[in-house]
Amino acid sequence: MVHKLSEGSLEIIMNGGHYDKPIMQVLGSKKIQGSGANERFRLLVSDGKHSHSFAMLATQLNDKLITGELSDYSVVQIDRFVTSLLKNTGKGEKRVMIILDLTIVAPGTQVGKKLGNPQTWTEDSAAAAAAQPAMQPVSRPNPVTTFNIKPTPNPALDSSILSSQMTHPIASLSPYQNKWVIKARVMSKSPIRTWSNAKGEGKLFSMDLCDESGEIRATAFKNECDKFYDIIQVDKVYYISRCQLKTANKQFTNLKNDYEMSFTADTVVAECMDEASSVPSIKYEFVPINEIANKSPDTLLDIIGVCKSVADIQELTQRSTGRLLKKREITLVDSSGGAVVLTLWGSEAEKFDGSTNPVIAAKGARLTEFNGSKSLSCLASTMLRLNPDLPEAHKLRGWYDNGGANMDIVNISARSGAYGGGSNEWITFAEAEARQLGAGDKGDYYSLLGVLTFTFSDNAVYKACPQEQCNKKLVDQENGLYRCEKCNREYPNFKYRLLLGANVSDPTGDQRITAFNEAAEAILGKTSAEIGQMFEYDKAAYSQIFEEVKFKTFVFKFRTKMETYSDEARLKTTVMSAQPVDYKDANARLIKSIKALSGVEV
DNA sequence: CCCCCCCC
């Protein structure tokens, strides 16, 4: 099969002209910056006559490269692109082409070779061509003259320039180039926040902007905060110019951009009244709910689902500041068969109404893991939309209202349910062994009704670092001070903590277990402080505690994981919680399992 | 120049 490239199209494009849907060949690709969600790739493309390596792939097309779909020698139709003039230090200016959309006409594996004999395109070759017009057969009007308008050295950025067509794609912004105008839609805007720290104080608000090439966060501080807060409105489109670009701290945003920008005293903003529809609204990369369990904790995810259930508001006290917090957990489902809990905070929690089972889209929700189950939590920066006008949302609505509501779902946020989806099912040690729980990398969680057959009272209580999050065992300096190796400092005080080793048996087997502070307190029925006092002043009472608890029955929740100690692999099983038996519940479980085993109604 | 984002 012969593939025809759009010979000469590159020259037109690189001179600032337009060429409709050129066919080009990809000759190579190179990662130029970032990693993960912030990767950006440069392509070496050829139109058969020229080749050049200043084509950038818009980030939403990265997958085509990463998956290998867009391999070298692929012939592609470039459906949409924009170009941007970059002012370089020293070497004048360079135009880059940003590919926004492409269709693979023939995969590289099929083409297998370079087509034609393309010469490297340079600004010089363009100049040479312009100097020798007689050598160039002019078969069509040269669009260069109409488009290749060089920005004036010092453009007065009045509204006429702001509203001109000469806008730059967000993807092309960098700290190395400061003459630009973007035309961007405001995806979200934060409330005004004040801060006060060692470096000073102030106020700010931030907004997330997007155009078809990409997205970027912008922040307005102090004067600019006051000046622009009311002007900037979510979902509107603005021309924005003269902001300061700097490297983004990816810890705090999941926008696909290596940079973020700050408004300055020179920043110009003008609302765009026309063509607003050509600027896309929020870009999502939705993760199907059943795939959330495979993602790492503390990452930011985009998710869409139908709100299947809503819990009551809960009030709690933030441990570090004593602040009163309000939260609400809502459960989202999608057609993947998964369910996940999304936690809303503050006023978002208070005003939330899930009574109509709305579709919820969240951009940048934080994945958290607690006791082995994963859930999502909204941050201040999370963009939450109810019943958004998105294809995915309409699809979900249709699915949910036509049977999806009754579909069997696996709730990945169920507590202690890492196996088989059963949330609080009790299993036996024999079953835990048969299922090879603990063999994986991540550890497994299960519940079991068991008897405490032995407790190790030696070293069960220790003097721990008084710091809130530390808990490291202190070294007694014998001078009234205690040293924490982790904090690398000495303290006059300490707190008692428990670390209880014990054996648990059930009718099918037994297991050596470890219970840390809170779980050990639940088992021993005393606080760590009380037990510490006994250890110090009343050894008999101390020993008695550990004797009394022997042969008590508990409902345990365990986490188990195979670990290797000096070449010997053995299960490390820790107690997540230990509760006294609720016999009504225990009987119901027993009856259920008798029915299941015998097939007989009891 | 912020960057806290909570709790079981």
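Note on naming: letters A, B, ... go to the chains in the order of the sequence lines (proteins, then strands), and numbering restarts at 1 for each one.
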May I ask you to say what [X] touches in the nucleic acid, namely base, sugar-phosphate or nothing, with a heavy-atom cut-off under 4.0 Å?
X	answer
A/K246	base
A/E260	base
A/K203	nothing

Measure from [atom1] on [X] to [atom2] on [N] and round the result to the nearest Å.
X	N	atom1	atom2	value
A/L379	B/dC7	CG	P	13 Å
A/E224	B/dC2	CD	P	15 Å
A/Q314	B/dC7	CD	P	13 Å
A/D298	B/dC3	CG	P	18 Å
A/N197	B/dC3	CG	P	7 Å
A/I192	B/dC3	CD1	P	15 Å
A/F263	B/dC2	CZ	P	18 Å
A/L342	B/dC6	CG	P	13 Å

Set of side chain to side chain donor-acceptor pair (under 3.5 Å) partners for A/T455, sequence neighbours left out: none

Centroid separation A/F228 to A/F263 less than 6.0 Å: yes

Under-4.0 Å side-chain N/O to phosphate OP1/OP2 contact, A/R323 with B/dC7: no

Residue-phosphate contact under 4.0 Å: A/W345 side-chain N/O, B/dC6 OP1/OP2: no

Heavy-atom donor-acceptor pair, A/K327 side-chain to B/dC6 base, under 3.5 Å: no

Under 3.5 Å donor-acceptor pair, A/K199 side-chain atoms to B/dC1 base atoms: no

A/C272 and A/Y238, any side-chain heavy atoms less than 4.5 Å apart: no

A/S375 and A/S413: side chain donor to acceptor below 3.5 Å: no

A/F221-B/dC2 aromatic stacking (under 5.5 Å, under 30°): no

Gap separating the CD atom of A/E285 from the CG atom of A/L300, nearest 0.5 angstrom: 12.5 Å

